[in-house]
Participant: 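Provided herewith is a single structure, encoded as structure tokens, for subsequent inquiry.
Within every chain, numbering begins at 1; the chains are lettered A, B, ... in the order of the sequence lines, protein sequences first and strands thereafter.
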There are 2 protein chains.
Amino acid sequence: MTSPSESAPLDGAELETWSALATVLEWLPPVLDLQLEDGWDLTHFEFGILYALSTAEGRSLPMSTLAGYANSTLSRLSRAVVRLEKRDWVRRSTDPGDRRVTIAGLTDSGAEVVASAAPAHAALVRRLVFDSLSAEQAMTLREISRNIAAAISDEGGWRPGR
Amino acid sequence: MTSPSESAPLDGAELETWSALATVLEWLPPVLDLQLEDGWDLTHFEFGILYALSTAEGRSLPMSTLAGYANSTLSRLSRAVVRLEKRDWVRRSTDPGDRRVTIAGLTDSGAEVVASAAPAHAALVRRLVFDSLSAEQAMTLREISRNIAAAISDEGGWRPGR
DNA sequence: CCGCATCACTTGACTGAGCAAGTTTTACCT
DNA sequence: AGGTAAAACTTGCTCAGTCAAGTGATGCGG
């Protein structure tokens, strides 16, 4: 009964739901990316890094902590930070306390970038997501998302960046 | 009033909703991919191509039509089909009626792959999405997804593959 | 029926992500 | 202390995706 091959195929309503969700899954991230790339030549991922740093104590974080916030591998993060460093938005230094860890810090120009990109990004999220939903739907969406995220965490123990 | 810089930043509840949704947006596609890659050494995108062909009249479609179904650029599709052809799961032929169009057709072994992967894939979708939701939540999710998808279509007129 | 725009791809150059292997520094065990 | 394991990145290799340019084939205006 628990064998995967025995679970019924998705029925009509489920298929429609899945298809609609799949559409969002496929389109939403690219549109969000597009704004940042057009306006600031930034990946959504790179923006996430800058944003995380901007909210951090002292505008700087160890790479591993940052990788956690950005749901990323250290490898991916490392390459992204190299790119950001080239633009002088981030600077790296090794932690004097533990010379294995390198601390990524936001520069002033990096902070300016975040300050100018973040409101536009939030506005786009509002337009695409919250403006299309009733307050009740938004609350339900939060529940739904949490449930699915929990299921993902359980399933196979998969986690990004680990 | 309609200037983007004037829209209020996301409030607490919205931020939580967005953060939960962003998690799903980031994690769900990779987990879905993982199964196909581990089990069949297939990208979700490649699977989509095979699946679309399997449901098509004569198990074959012109590249441009297929690109529409797969929400993809012709360029991306072309490369993917090259890969699938190397594994003898798809074969290309030029349409005798219009020698510009090339028709991608599913081979028998390709059909076998779809037949074996599709149920497992559907089962995973069920476990991750529908098993975590009440029937009512699932219905709401369909509404929500449609609304967001509609907002995306309106916004900036962006469309994948075009 | 000829020339040129257009269509339907394909391909070359480049970029970002993943995996695995390598480096340096620290922690632990005895 | 001394040696080994582990942590915290970084980097080489390879691959998929994008963008722009290239290649035939077709349609169409005069």
Side-chain angles (χ1 to χ4, degrees), chain A residues 26-27 29-34 36-38 40-49 60-87 90-105 158-162, chain B residues 26-27 29-34 36-38 40-49 60-87 90-105 158-162:
Chain A
E26 191 154 354
W27 287 7
V31 217
L32 258 21
D33 273 20
L34 202 59
L36 291 169
E37 283 172 19
D38 278 4
W40 292 268
D41 194 20
L42 265 185
T43 302
H44 183 81
F45 177 63
E46 293 167 337
F47 172 75
I49 293 171
S60 59
L61 286 171
M63 292 289 279
S64 6
T65 308
L66 190 50
Y69 289 177
N71 271 320
S72 135
T73 340
L74 223 32
S75 168
R76 186 182 176 195
L77 176 63
S78 180
R79 303 203 193 267
V81 167
V82 167
R83 295 194 295 271
L84 294 172
E85 212 171 19
K86 278 183 189 153
R87 311 229 225 156
V90 166
R91 224 166 274 151
R92 278 179 296 182
S93 53
T94 84
D95 182 338
D98 181 343
R99 305 180 42 75
R100 284 174 303 182
V101 351
T102 101
I103 294 178
W158 190 84
R159 283 295 188 86
R162 197 127 263 278
Chain B
E26 192 156 353
W27 289 8
V31 217
L32 258 21
D33 274 20
L34 202 60
L36 289 169
E37 283 172 20
D38 278 4
W40 291 269
D41 194 21
L42 264 185
T43 303
H44 183 81
F45 178 64
E46 292 167 338
F47 172 73
I49 294 170
S60 59
L61 287 170
M63 291 291 279
S64 6
T65 309
L66 190 50
Y69 289 176
N71 271 318
S72 135
T73 337
L74 222 34
S75 168
R76 185 181 177 197
L77 176 64
S78 180
R79 305 215 189 257
V81 167
V82 168
R83 294 194 295 272
L84 294 172
E85 212 171 19
K86 277 181 191 155
R87 312 230 226 155
V90 166
R91 224 165 274 150
R92 279 180 294 184
S93 53
T94 84
D95 182 337
D98 182 342
R99 303 183 42 76
R100 285 175 302 183
V101 348
T102 101
I103 293 176
W158 190 84
R159 284 297 188 84
R162 193 126 263 285

Participant: Could you tell me how far apart B:Leu61 (CG) and C:dA8 (P) are, to the nearest whole angstrom?
Facilitator: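 Those two atoms, CG and P, are 15 Å apart.
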Participant: Round to a whole Å and report the spacing from CD1 of A:Ile103 to C1' of D:dT10.
Facilitator: 17 Å
Participant: Between B:Asp41 (CG) and D:dT14 (P), how many Å, whole number?
Facilitator: 17 Å
Participant: Given side chains that start at C-beta, do those of A:Thr65 and A:Pro62 come closer than 4.5 Å, heavy atoms only?
Facilitator: yes
Participant: C:dC7 P sits how many Å from B:Leu77 CG, rounded?
Facilitator: 19 Å
Participant: With the sugar-phosphate defined as primed atoms, P, OP1 and OP2, and the base as all remaining atoms, what B/S/- string results for nucleotides 3-8 of chain D, 5' to 3', for protein heavy atoms under 4.0 Å?
Facilitator: ----BS
Participant: When you look at CZ of A:Arg87, are more than 12 heavy atoms from neighbouring residues, nucleotides or ligands closer to it than 6.0 Å?
Facilitator: yes
Participant: For DNA chain D, which consecutive runs of 3 or more Watson-Crick or G-U pairs (each distance under 3.5 Å) count as stems?
Facilitator: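 The stems are C:1-30 with D:1-30.
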Participant: Taking atom CG of A:Leu42 and atom CG of A:Leu36, what is their separation to the nearest 0.5 Å?
Facilitator: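 One finds 6.5 Å between CG of A:Leu42 and CG of A:Leu36.
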Participant: Polar-atom pairs under 3.5 Å, protein N or O versus N or O of nucleotides 17-20 of chain D: list them with distances, or write none.
Facilitator:
unit_1: D:dG17; atom_1: OP1; unit_2: B:Arg76; atom_2: NE; d: 3.2
unit_1: D:dG17; atom_1: OP1; unit_2: B:Arg76; atom_2: NH2; d: 3.0
unit_1: D:dG17; atom_1: OP2; unit_2: B:Arg83; atom_2: NH2; d: 3.1
unit_1: D:dT18; atom_1: O4; unit_2: B:Arg79; atom_2: NE; d: 3.2
unit_1: D:dT18; atom_1: O4; unit_2: B:Arg79; atom_2: NH2; d: 3.0
unit_1: D:dC19; atom_1: N4; unit_2: B:Ser75; atom_2: OG; d: 3.1

Participant: Could you state the CZ-P distance from A:Arg99 to D:dC9, rounded to the nearest angstrom?
Facilitator: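 So the two atoms are 13 Å apart, to the nearest Å.
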Participant: Does A:Thr43 have any side chain to side chain contact (heavy atoms under 4.5 Å, CB included) partners at least two apart in sequence or in another chain, and if so, which?
Facilitator: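 For A:Thr43, the residues satisfying side chain to side chain contact (heavy atoms under 4.5 Å, CB included) (neighbours in sequence not counted) are A:Phe45, A:Glu46.
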Participant: Which residues satisfy the side chain to side chain donor-acceptor pair (under 3.5 Å) test with B:Ser64, sequence neighbours excluded?
Facilitator: none
Participant: Quick one: are A:Leu66 and A:Leu77 in side-chain contact, heavy atoms under 4.5 Å?
Facilitator: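 Yes; the side chains approach each other to less than 4.5 Å.
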Participant: Sequence neighbours left out, what passes side chain to side chain contact (heavy atoms under 4.5 Å, CB included) with B:Thr102? Give chain and number order.
Facilitator: B:Met63, B:Arg92
Participant: Are any of the side-chain heavy atoms of A:Tyr69 and A:Ile49 separated by less than 4.5 Å?
Facilitator: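 With C-beta onward as the side chain, the pair stays apart.
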Participant: Taking only side-chain N and O atoms of A:Arg92, does any of them lie within less than 4.0 angstrom of OP1 or OP2 on D:dT10?
Facilitator: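 Affirmative; the distance criterion is met.
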